[in-house]
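Here the structure is a predicted model, which is why all the values come from computation and not from measurement.
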Amino acid sequence: MWYKIILIAALGMSYTAVANDNVPITLNACADRPVTSTPALIKEGERLFKEETFNGNGRTCQTCHRENNNFTIDPVFIAKLPKNDPLFVAENNPNLKDLEDPVMLRKFGLILANSDGFDKPGVLRGVPHLLGLTQTTAIGVLGLDNPFDTIGHPVHETGWSADGAPGDGSLRCFPAGAIKQHFTKSINRDEGVDFRLPTEHELDALLAYQLSLGRQNTPQVSKLVFKEPAADRGKTLFFSNIPASNGQTNNCSQCHTEAGANNGKLFQARNRVTNANLSPNAPICRGLALNPSLNIPADGGFGRIEYFDNISCATQNVSVKLYSEQFENPHGFFNTPSLHEAADTAPYFHNNSAKTLEDAITFYSSEAFGAADGRAFIFSSTDVNDIGAFLRAINALENAQTAIDHIDKALPAPGNKIDVELLRLALADSRDGINVLGTGPSPGLFPEAVRLFKDATLYLSAAIASSDSVVASKARTKLAAVRPNIVIMPLPDVIVTQLSYAKGIFTSTVKNQGTAATPAGVYIGVRYSVDGTPKTWGSVMGPLAAGASVTIGTNGGSYAIPAGTHTVTAWVDDVNRFAELNETNNTFSQPVKVVSPLPDVVVTALYYAKGTFLCRVKNQGTAATPAGVYVGVRYSVDGIPKTWGSVMGPLAAGTSVTINTNGGSYAIPAGTHTVTAWVDDVNRFAELIETNNKFSQSVKVP
């Protein structure tokens, strides 16, 4: 990954020039202050970072933080540098022979840092990359919410352990400390003689530039679904509670929120105990293993309080003097780094003690890490590889996006030339993507994404040689296809959950069970079929949000299904108007029984008076009674037929008629009796229901 110059207006900072802005600072009085980041200030910071030696030994900030190596250095990169590179000034200038340890620098990529003060022995540190610093430094928070922090830390907390900056220890002051440490012409480090300190304005510019590098946000990777099972298992492990050595559980995301730097709700990068300094691979043990062996100082984290500890190296136990300001547990405190850039910024930890990504993950199951609080993870080798696959996947996503950003900036406006240097950075990021996915223990990780990265490198190499924008754009197309070959992209997935039919009208309920809304302005259509033959359709306009449902009726003409039992099918998105997570679950079928339209006559009221019977008959069916056919009623008393009445049909569906006594009258004897009216008693016509024709009630005759 490489830098992205992005306006960081979101930081909401302001800056007003003061009289001494162009005068070198006083080192111990250096302090953070709000800075408004502008393109001009970032550009000036870039120039200072890459070119300014501050009247020192020829080194610049970029001597250790190489833009073409993810703003860091490592043994493989160092081996390719020429002998006269400023990084090797301690080898080439006798006056600076104690500025570095050349063996440890070349073999392990470690530089000498007097992080506990120049009156204390220097320790050996790896060079942290500078990508995504807005996501790994605490902005505008004094006294961080840190259970291990008894003294409070300043804004823009820095580096691995907040011990590399003078003054208030802020990122803004960090370059001043680096100049005195690394740029000096002699070990005396006389200000104004061996180097010059930066001005307040230069510190502002360097801060703006550093904060412009890499990511400006931390994506929510916990919600991603990866196409490779190993990477998806690794994601699940990363965000799950994993058994720990103390019988409890531990969680990777506790310190690496969304695989970031535990920025949390207050944007805090916390110092945590790692104990990597007590690992058998720590510099002191590596020094002992060399031939001839080297007397390497131990590294206790940050601070100036002296204490002693033991390190178990492979051949012996070593009693070491350490320094710390942590009173409760005084060793091993270092800032939590982000892991989005981890896979292509090896080696790992503040002392480069883990060579590979999987080595770094394995460390968290080690005795050295468990000694911090007894919560070493219990990992299997498969667990380690799966978590590594997850971290490699999110790193490759960042590689692809960063390369795309470089190409976009490189492509010229009309009348301008293509920026070849930005294409070189895009090429390097594409190669990083290949390396990230291709060097881990999981074989064939995301092979299609690797192929796309390789294609992009071919196009970028050609575009660099020819300054051809069309070829560069082809590389961009390849890189844009990387993400959907690593991550199952958020897409809708529409299904039919309910289907009904009545009187020629079809109605369905459609749910979007996918992870994204259907496209805005695109219809969600449903084809309605009967027995496999399309009959009509319905639709609503999108978008339909993920998780939401909508009722879709019949927009096409109605269709009367013939009598009988049929299979009705609703097919949503039948013409593939939009892509879905699953294109095979769009149909929903169910049987529908349709009967022919028929009358259904019922008695709704019954009366008796002075020998005459009268009732009210309703046709509650779906068709009229037959024309020219009587609607007759038999009147019974206590179950014995006594007389009858009738009217000539038809009686329309939904209408009622009063039917009197057409037969002779019948005087019911005194007493209480049950009177019954039975409509269509002799079945003159067919009905929907033949069992609901009787109506009875009690009648009391004086």
Side-chain angles (χ1 to χ4, degrees), residues 1-4 6 8 65 67 69-72 74 126-139 159-160 210-226 228 231-232 234-239 251-264 267-270 272 334-349 354 356-358 360-361 364 386-406 425 428-437 439-440 445-446 449 453 479 482-483 486-487:
M1 274 161 286
W2 313 101
Y3 78 93
K4 307 173 195 172
I6 299 175
I8 317 172
H65 299 281
E67 181 183 32
N69 196 56
N70 296 318
F71 289 95
T72 183
D74 58 75
V127 176
H129 69 77
L130 303 182
L131 299 169
L133 282 177
T134 62
Q135 305 302 296
T136 60
T137 57
I139 298 177
W160 294 107
Q210 290 179 88
L211 291 177
S212 76
L213 303 177
R215 292 180 299 112
Q216 301 298 307
N217 58 69
T218 297
Q220 195 173 16
V221 295
S222 60
K223 301 298 183 182
L224 298 179
V225 179
F226 295 92
E228 288 283 352
D232 211 55
K235 180 206 70 174
T236 300
L237 280 167
F238 191 92
F239 293 100
N251 190 306
C252 301
S253 62
Q254 176 183 341
C255 292
H256 297 282
T257 304
E258 291 299 336
N262 200 24
N263 35 5
F267 217 29
Q268 295 170 356
R270 295 173 61 185
R272 301 303 301 268
F334 295 93
N335 272 12
T336 303
S338 171
L339 301 182
H340 287 259
E341 301 82 7
D344 62 4
T345 53
Y348 303 98
F349 301 124
T356 70
L357 182 62
E358 287 69 27
I361 298 168
Y364 288 96
D386 288 349
I387 293 173
F390 162 61
L391 296 179
R392 290 175 184 277
I394 62 174
N395 200 136
L397 292 175
E398 184 67 16
N399 289 136
Q401 185 56 54
T402 306
I404 289 171
D405 291 343
H406 287 315
L425 295 179
D429 257 307
S430 299
R431 288 171 173 165
D432 272 354
I434 296 168
N435 184 64
V436 161
L437 296 179
T439 59
L445 194 63
F446 301 103
F453 273 126
L479 291 164
V482 167
R483 185 177 184 87
I486 292 178
V487 176

Problem - E258 and S253, any side-chain heavy atoms less than 4.5 Å apart - result: no

Practice task
Begin with the C-alpha distance, continue with both residues' side-chain angles, and end with the deciding distance and a verdict on side chain to side chain contact (heavy atoms under 4.5 Å, CB included) for E67 and L425.
Solution key: CA-CA 9 Å; E67 181 183 32; L425 295 179; 3.7 Å; yes

Exercise for the section: Find out whether V482 and N399 are in side-chain contact, i.e. whether some heavy atom of one side chain is under 4.5 Å from a heavy atom of the other. Expected result: no

Practice task
State, yes or no, whether a side-chain contact exists between L445 and R392 at a heavy-atom distance under 4.5 Å.
Solution key: yes

Completion exercise
Closest heavy-atom pair, L479 versus A403, reported as atoms and distance to 0.1 Å, is CD1-CB, 3.6 Å

Practice task
Could you label the plane-to-plane angle of the F238 and F390 rings as parallel, tilted or perpendicular, counting under 30° as parallel and over 60° as perpendicular?
Solution key: tilted

Problem - Taking every non-hydrogen atom, the tightest pair across C252 and I387 - result: SG-CD1, 4.5 Å

Handout entry: Residue list, ring pair (Phe, Tyr, Trp, His ring centres under 6.0 Å) with F446, at least two apart or on another chain
Key = none

Problem - Atom pair CD1 (I361) and CG (D386), whose distance is rounded to the nearest 0.5 Å - result: 9.5 Å

Handout entry: D344 to N70 - nearest heavy-atom pair and separation
Key = O-ND2, 2.8 Å

Problem - Residues which pass side chain to side chain contact (heavy atoms under 4.5 Å, CB included) with A346, listed by chain and number, not counting sequence neighbours - result: Y348

Handout entry: L339 CG to I394 CD1 distance, which is reported to the nearest 0.5 Å
Key = 6.5 Å

Completion exercise
Separation between CG (L357) and CG (L391), nearest 0.5 Å, reads 5.5 Å

Problem - For N395 against A343, the heavy-atom pair lying closest together - result: OD1-N, 2.7 Å

Problem - Full working for side chain to side chain contact (heavy atoms under 4.5 Å, CB included) between E341 and R215 - result: CA-CA 9 Å; E341 301 82 7; R215 292 180 299 112; 2.6 Å; yes

Practice task
Tell me, please, which residues at least two apart from D232 pass salt bridge (Lys or Arg N to Asp or Glu O under 4.0 Å).
Solution key: K235

Exercise for the section: Could you tell me whether the side chain of H256 and the main chain of N251 form a donor-acceptor pair under 3.5 Å? Expected result: no

Problem - Separation between NE2 of H406 and OG of S430, rounded to the nearest 0.5 Å - result: 9.5 Å

Problem - F226 to A393 - nearest heavy-atom pair and separation - result: CE2-CB, 3.7 Å

Handout entry: Sidechain-backbone polar pair: T134 side chain, L211 backbone, donor-acceptor under 3.5 Å
Key = no

Completion exercise
From the list D432, L437, D429, side chain to side chain contact (heavy atoms under 4.5 Å, CB included) with F453 holds only for L437

Exercise for the section: Report yes if some heavy atom in the side chain of V221 is under 4.5 Å from a heavy atom in the side chain of H340; otherwise report no. Expected result: yes

Handout entry: Within-4.5 Å side-chain heavy-atom neighbours: P347 and D74
Key = yes

